[in-house]
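The block underneath contains the structure these notes are about, expressed in structure tokens.
The structure displayed is predicted, hence computed values, not measured ones. Throughout, protein chains are lettered first and strands after them, A, B, ... in sequence-line order, and every chain is numbered starting at 1.
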Amino acid sequence: MSALTWLSSSSAEITRARDVLKALTPGGVIDELGFLVLQGAFADRFYPAVTTPMTRARYFIFVAAIYQYLERSGKAAGRDVERLAGDLQYELLTKVRSEPGAIGKEAGRAIVRPPSEIYWSAIAVLGLATQRLSVAIYQRRLSDGLFRPQTVRDDDDAVHPEDMQSLWDPALRLSYVLPDGVFPEDTTLRLRKDEAVLLRHRYAALKTDGHDTLITHMVTLARERGLTGLDGLSHPWDIPALPAHTREVVDHARRLSLFARGTTLQYYRMLLEKKREQDTGAGEAFVSWWQAAHVDLARWDQDDFFGLVHDWAADKRPLHDRVFFKQWITRCAAAKSGEEALHDPQARAIIAEREKRIRPGKERLKVKYQLDAWKPMSNYGVGELYQLSYRHPVGRTFAQDVADGLERGAS
Amino acid sequence: MTLDPRDRKSWQGLFELFLPPADYRLTAALGTSFGLSLDALVAALLAMSEADPDTLSNEPVAGVLAATRLRAKARVLVHPGTIAGSSMAGSNRFVALLDRMILEVTPRAGLFHPKVWAVRFDLMEPHRSSKPKSCARLVVSSRNLAPSSAFELGTILEGQPAADRDELTPFSVDVADALAAWLKAARGVVPKNVRELPAFIRGLALEVPKEARDGLRLRWQGLGRPPLATLLPPRMRRALIVSPFVQPDFVSAIASRTNQLQLISMKDGLDGLDETTITHLEDLGHASKTAAMYYATNLQNGYEDAIDGIHAKLVLTEDQHGATSTFVGSANATGPGWGFSTPPNVEAVVEMRPGISIDAFTTAFVRESKAKVHPWIVEYDRDDRTEPDSDLETERNLLSALRQAAILDFTLTYDAAAQRLRLAVGSTGRATWLDQPGCTFTVAPLLLTEHGDAWTPLQTLASTPREFESVTIEKVTAFVAIRARNEQPPLERTRLALARLHMSEPELDERDAAVRREIMATADPAAVLSALVQGLAHLRRSAGGREERAPGASQTVTHLFAHTGLEQLLQAVALHHDLVDDLRLVLGCGDGPLQRLCEELEHVVRIVRSEVPS
């Protein structure tokens, strides 16, 4: 009907379009044969409140400080809070750009996931935020004038202007981080001492199944042994002096990572053969892996492993996973050489069956255009034994940040 | 029509206007916009392709389908340097499918600023229906093809081909002339459906709203046409202006012609007016015993997203004899907006007579009563003036510089055999904005922006073209990202421009096919046909409810029919003759079951068509 009308500003259509665009953005995680759920179960126990895109621990402080400032200053009321916070995070980037782990160095203001988004859910897990709100809802409420300073009068009619309804834990007094809304020139990604104490306590409180997280272990280790660097701890199983239960769990994680590496390398080799492309290292890497891994895997107590993941409710494919693990390891252990294991038809059939279950209808070994779309890797990492990292690199950096802050952080 | 924003009937969703009426399908769409965001463009394409929002929002194929089905049917004309990517544009191969849908218009001076849409719909089964074979929808508004949370005003006009010349609506001819002129000024290839759209629009008989019973015309300026200012009465009894951006030249010109003027804007817009203009307006207000200046704040009406601020542009006039006119469209209350100063922008407004009376609009939108304004309106008080926000000023300067950067002559040359992409820019000439201290401009092909070293300083690029090696064809797009960084205050903004991409249409088709192939390699192919059929609103209605698609549904033909009935599928193909072609394009080459299904469907359709008289 013809008319003069207000045009709706509903954002639902835009949101749907963004969902479509998001669905069309290639994912960053390669999970060729379906190990992500199991890896996640271990990683959640080793490194809770840690995710792979995180880089440095002090971003917890920065994100909280930015939003505390927006609450305190009242500048967010009626404004586009996402943009305000984005501009402050960009200003932060300009101060820390030269430091390792600065987020957004390349993308700058056009960053896909700013620190506030990357750290948001972990902030609530650590109890730095008092409510588990999505960042979008929080921003909306902030813009609507909630979470703004409130003048409170006590029984004596005395005014307490600093009292406010805030999302943030009252223990966080972070106005020094960006006084007057500006990050000081000497802003750094290194934790101050009091910030390190805070984060150490928060991570220490995150016991999983009654056991300390690996961050807590590494912070303790660094302090007790006076370590200035944790770089030598390439994997969780490299951490010395773990308590017995943790050590057992970590060892299961190690063997799962070992197993994932071997099956994935064999899968890559099968794809290369199917594509009739020259193998630039997958076979070599597999043979090298087999030498170091096949006896180790044969000794793996798989029943204990599956009992553990069952207790965690992480066995999403309980029967098939057990069959897959058991059959392939049996073939791997029975081979007399890495070459024999690599070309073993039965082991390959097990891999093909696994692909069929993990990628139904999208099997590269069966569907031509799926195979055509697969791009061989430029480097297969000959000599590398492990596939899964369990977020250890980020967790180790956090532990290092906290330990450094405790020892050498500014007061 | 009251324009009371609390009344749900006063609102219309922009994207809903792209949806075909029942029994029709979209055959051509042409729009203009000053700013464009890629996610809003995708939202528009999804609406045009009748994508079902409930089932397709998470289907990657929905976007591919929309872009594929509308590749030869939809185009948007924009001012250079006003395209904003979504947050993930640089990493999204899909955006390559969008570059042919956007055409830039670079006026010799001023901005290309109109916001006009013309959409043609054709009846699917003309031999079975008494409805008109074609119909059209025209929209002239303040709304860009970008997210907006502000009050926006638009005029919607619907109609069908006139039976004879007497039925023709002059407004249709105006719109056709404007679209033809803008298309002529645009850079890029225009597909046949879109090219022929102005001629179709020219022959329409429109349904005229009662506000336009005495007159309805599209007025536009720029590209050598007379300024809109000539349309305003030389002397007025009263006038009311709504505009987010206001400048003294326009306001003073109107104020000097009338005894009573109400101006509704944004607070920062009014704060930016000089004291002389403010005093003049206040004097008018005192003389007529009414407030002269207001600004809009926000509205929560419970069924829209929160409205914040105003972006609508409206001028209501009442001349000395009581004759009234309404102008609504893209023109801000500025010198360039109405041609009071040069260079004039390209602008388009609807002129309606008698239009809306000033009293009716004031009651609906400005004042509840003589003593009280509506909750979303505040009377302007000069004493509350806030100093200009220097950060905002910096941002405006950056965006202005980006618009200027975008009209530079960027060229992209692709050597498919060598997989080499070459980016060059013509002379930056006397681009003074390039020398702003503390500000740097860098450029990169959009789909390579994830690589930090892909960014090249603009000045370097002007002297030395940049070559990128190992660029596969699906990474080639005409979009280049231009990034402006300001050191103090630290600020960064990025806009997209369209380079001249030296690839032939067949090569671009090959590129599109490669993009689709890559996306489909990781998408569920069954979802393609399922989405095609389920996404058609008219089929949903006729077929009744539909089953939920199981998570991880597989892609065999058997499974497909579990979710898309054979009858529904045949009906879709019979009604949409190009559906199978679209399907083939999306699926790419091959001999899989779905490709064989395409052949079977074509065979069935041929038989049916030969049996059923058209």
Side-chain angles (χ1 to χ4, degrees), chain A residues 1-28 78-80 86-88 90-95 104-114 140 143-144 182-183 359-362 364 367-375, chain B residues 1 3 5 10-15 39-40 42-43 46-47 53 57-60 62-63 86-88 91-92 94 141 143 147-158 206-209 211 298 304-305 307-308 328 452 483 485 490-494 517-519 521 552 554-555 588 590:
Chain A
M1 190 183 108
S2 298
L4 174 62
T5 178
W6 294 111
L7 286 178
S8 162
S9 297
S10 168
S11 60
E13 295 99 336
I14 301 283
T15 304
R16 278 195 289 271
R18 285 180 180 156
D19 286 345
V20 168
L21 283 167
K22 195 173 176 182
L24 286 161
T25 304
R79 304 280 297 275
D80 180 345
D87 285 342
L88 286 170
Y90 177 62
E91 195 206 327
L92 168 64
L93 172 64
T94 64
K95 300 294 191 301
K105 271 187 219 179
E106 301 301 342
R109 190 64 179 80
I111 187 169
V112 175
R113 293 187 70 195
R140 169 65 66 87
S143 178
D144 287 348
V182 178
F183 286 100
R359 305 168 55 84
K362 299 176 191 170
R364 294 170 181 143
V367 182
K368 186 174 180 302
Y369 65 81
Q370 298 283 0
L371 182 67
D372 290 344
W374 179 71
K375 292 186 173 59
Chain B
M1 178 59 65
L3 290 183
S10 302
W11 290 88
Q12 173 69 52
L14 174 67
F15 297 103
D39 34 23
V42 172
L46 288 172
S57 59
N58 290 315
E59 288 285 9
S86 71
S87 59
M88 57 201 72
S91 61
N92 200 328
F94 168 70
S141 76
R143 175 82 189 258
S148 169
S149 58
F151 283 106
E152 304 267 13
L153 263 181
T155 306
I156 303 158
L157 293 155
E158 295 186 335
L206 296 173
E207 178 189 336
V208 177
E211 292 89 354
N298 54 66
E304 299 293 339
D305 288 354
I307 303 295
D308 184 11
V328 59
R483 187 167 69 187
R485 269 188 180 154
L491 205 60
E492 180 183 298
R493 294 289 180 265
T494 302
R517 199 163 48 238
E518 196 192 3
I519 294 171
S554 100
Q555 44 289 76

- Task: Quickly, which of B:L157, B:V208, B:L206 forms a side chain to side chain contact (heavy atoms under 4.5 Å, CB included) with A:S2? Name it, please.
- Result: B:L157
- Distance from B:W11 atom CH2 to A:L7 atom CG, nearest 0.5 Å? 8.5 Å
- Message: How long is the straight-line distance from CH2 of A:W6 back to CD of B:Q12, given to the nearest 0.5 Å?
- Response: 14.5 Å
- Item | Shortest non-hydrogen contact between B:L153 and A:T5, atoms and distance | CD2-O, 3.4 Å
- Message: When you measure from the side chain of B:T155 to the backbone of A:L4, do you find a donor-acceptor pair of N or O atoms at a distance under 3.5 Å?
- Response: no
